[in-house]
Amino acid sequence: MSELLDAFAIAGKAFFGFQAIFFALLAIGINVHFGYTGLLNFGQIAFAMLGGFGIAISVSMWGLPFWVGVIVGVAAAVVLALLLGLPTLRLRADYLSIVTIAAAEGLRLLFRSVSATPVTGGTRGLSAFNADFINLAPWDPAGRHQILGTSWSGGELWVALIGWLLVTVFSLLVWQLMRSPWGRVVKAIREDEDAVRALGKNVYAYKMQALVLGGVIGAFGGMVYAVATGSAIPDQYQNANTFLAYAALILGGAARVLGPVIGSMLLLFILQFADTGLRALIDNGVIPEALLSSTDVAQIRFVLVGLGLMLLLVFRPQGIFGDRREVMLDAR
Amino acid sequence: MPADPSAHGAHAARPEELSTAQVAAALPGTAPTGRPAPQRLAQAALKDLPWEVGVAKPDPAIVVDGVTRVFGGLTAVSVDHLEIQRGGITGLIGPNGAGKTTLFNLMTGFDQPNTGTWSFDGKDLGKLAPHQVARLGVVRTFQLTKALSRLTVLQNMLLGAQGQRGESFLRALVPGGWRAQEKENTEKAMDLLRRFKLDAKKDDFAGILSGGQRKLLEMARALMSDPKVVMLDEPMAGVNPALTQSLLGHVKDLREEGMTVIFVEHDMDVVRDISDWVVVMAAGKVIAEGPPESVSQNQAVVDAYLGAHHDAPLTVEEEDQVLAEVEAEIAREEQGPPRVPHANRSDEKDGLV
């Protein structure tokens, strides 16, 4: 029993940890793209990778200050959004999804390639670029802190604090935008582009603004991840993360300000709880070794998440915060 | 040859037609009665024009010149010269596939022609994107109604307002900059919604409205932009007869407010009722223009709808007689159902003959 309580505590840390922040920021970006504007961005992780490597390359390779690295990461995400959007946003929605998924894979392979090693560190990536940031912590970064039965290092706590601050800021930004006339236009574009064009709105410009905004928010997610882990490795930025972020968004409720945030926290909690919980049950012999070995746990927890998502879509398609009436309108 | 338009064509050929006023009188509550006679300035201005294709209008709002649009081997639109009178209601009719909607798309920037120029108020619309055309004051509706389902009715309306400060990304972040304007627009939207009897639905999602209500909403939304020209693509399609009357009333109101209306319609009764001028298209070309009563007498129009070699044994009168008998039979079978205005109109006419 105490193992399960431990599992709960560890999962509770995941609920607030940097990975939840990472997915929350990815999902807030996707929410701007997909939830509000109807843009199918299947390569959100590419923006995160540019954010993370923006800091890593600027600090480790070019010797620039940390804050310049942040600006470089944001600028890179803006450029990527423009490059992806310029040719595709005039076309049907599918084209953006094709281009973004290809860009995400292509950029990762480019960053891990041998020829890129002098800049990106190749498959080993870059490290030791977050000291400037961690040292800003108002407490001892190396010290341990016990919070509600979970143990955090000072550095972790600092990253989490700033990370959740970023999540709050971007959530407020999205909330303010979506209740403004700008948000109304963007939501209308999701419903029917041509109708919005016929009403005198420059649909292309709005889609581009939304793509850039969501991409920049995703880039901040990548920065949090890189700073928290202290390293930037191209293979950390697998495109599966984009789809986990989509899962988090749908779990929380698309086109809701808090949907991606709560969705990410719950997703990470469930993943972590399934992991430690299952391991504890196997160690205790509650689950026989023949049925499930502890080496399979890492895979089986994703199966459980998948199962959970299916049940969610059957019984609560609007997610946690969504409006069922609104979601059901699509079925007509 | 589609059967439906040919039937309408046969009806339209008959000179006896109930006037709008009579229909309105038969329909308490659906059409304005006792309203002062509308000013039909455009009709008066167009009265003495010859019934020729490409005839110059006294005060054209839109001028189309040599516009062609080719899809592969098919010439969808090939219009040599067409002028649309300002302040009038111009009906655009023609059999399915005549190029009416394509012409709409070309004129509003949704499609680009292979050749040709067209202008609105002397301003060339040739290379403008749809939203630029809309900003000049030429708004359109769509054949398949585009209600923005997951926006509320009021949000749909507010979207139509032009020059909104809060629609720019940066200014959207400062609510103080757009609150006042938003309030004004909301009042204007509510006025329009009341006029279109949708005010009770203002907080409902547009997706739950009925087909006819969506048509009303789309028209009301277009009016939010204070347009100069309104282009309606089959505004009455799929709308029940009672609502058709109310939509007709709204279209006439647009003319009284000085807007230029161009509309595509298949129902000849509607076309006769409200148009000041009718343009007939077939196979991409304008084959006839003139006042509504001229069109049904035009041999080219009859040929376009019925086929040039329609060696039908029935004359128009015989066809109507057969039709009247069938309709009378249906009426008997239904044992005097509540008067459905539109469907009964032909019955009443046949009774008058």
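If you're wondering where the values come from, they're calculated on a predicted model, not measured in any experiment. Heavy-atom basis, side chains included; hydrogens, waters and symmetry copies ignored. Here is how names work: the chains are called A, B, and so on, in the same order as the sequence lines, proteins then strands, and each is numbered from 1.
No more than 12 heavy atoms of other residues, nucleotides or ligands lie within 6.0 Å of CZ in Phe34(A), so this atom counts as exposed by the packing criterion. Counting non-hydrogen atoms of other residues, nucleotides and ligands closer than 6.0 Å to NZ of Lys187(A) gives a total above 12. Applying the 6.0 Å contact sphere to CZ of Phe110(B) captures more than 12 heavy atoms from other residues, nucleotides or ligands.
In this structure, no portion of Thr108(B) lies under 4.5 Å from any heavy atom of chain A. Only the side chain of Arg179(B) comes within less than 4.5 Å of a heavy atom in chain A; its backbone stays farther off. Looking at Gln155(B), both its backbone and its side chain come within 4.5 Å of chain A, counting heavy atoms on both sides. Contacts of Tyr206(A) with chain B are made by side-chain atoms alone, with heavy-atom separations under 4.5 Å and no backbone atom involved.
The two atoms that bring Ala195(A) and Phe142(B) nearest to each other are CA-CE1, 4.0 Å, heavy atoms only. Nearest heavy atom pair, residue Val139(B) against residue Ala198(A), reads CG1-O, 4.0 Å.
Residues Leu213(A) and Phe169(B) have side chains in contact (heavy-atom distance under 4.5 Å, counting atoms from C-beta outward). Side chains of Asp323(A) and Phe205(B) form a contact here, defined as non-hydrogen atoms less than 4.5 Å apart.
Residues of residues 162-180 of chain A lying under 4.5 angstrom from chain B, judged on non-hydrogen atoms, are Leu173(A), Gln176(A), Leu177(A), Arg179(A), Ser180(A) by number.
No side-chain donor-acceptor contact under 3.5 Å links Arg197(A) to the backbone of Pro130(B). At distances below 3.5 Å, at least one donor-acceptor pair connects side-chain atoms of Glu191(A) with backbone N or O atoms of Arg150(B). Lys201(A) places a side-chain N or O within donor-acceptor distance of the main-chain N or O of Leu159(B), the cut-off being under 3.5 Å. Put simply, the side chain of Gln162(B) gets close to the backbone of Leu199(A): a donor and an acceptor are under 3.5 Å apart.
Interface check for chain A: of the options Ala134(B), Gly160(B), Gly166(B), Ser225(B), the most heavy-atom pairs under 4.5 Å are formed by Gly166(B). Each of Val196(A), Val186(A), Asp194(A) has some count of heavy-atom pairs under 4.5 Å with chain B, and the biggest count is that of Asp194(A). Contact tally against chain A (heavy-atom pairs below 4.5 Å) for Ser168(B), Ala206(B), Pro175(B): the top residue is Pro175(B).
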Start with the C-alpha gap between Arg135(B) and Asn202(A), add the side-chain angles, then the distance that decides, and say whether side chain to side chain contact (heavy atoms under 4.5 Å, CB included) holds. CA-CA 10 Å; Arg135(B) 283 177 194 174; Asn202(A) 187 350; 4.1 Å; yes

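If you take CG on Asp192(A) and OG1 on Thr145(B), they are separated by 10.5 Å, rounding to the nearest 0.5 Å. Residue Gln164(B) holds its CD atom at 5.0 Å from CZ of Arg184(A), rounded to the nearest 0.5 Å.
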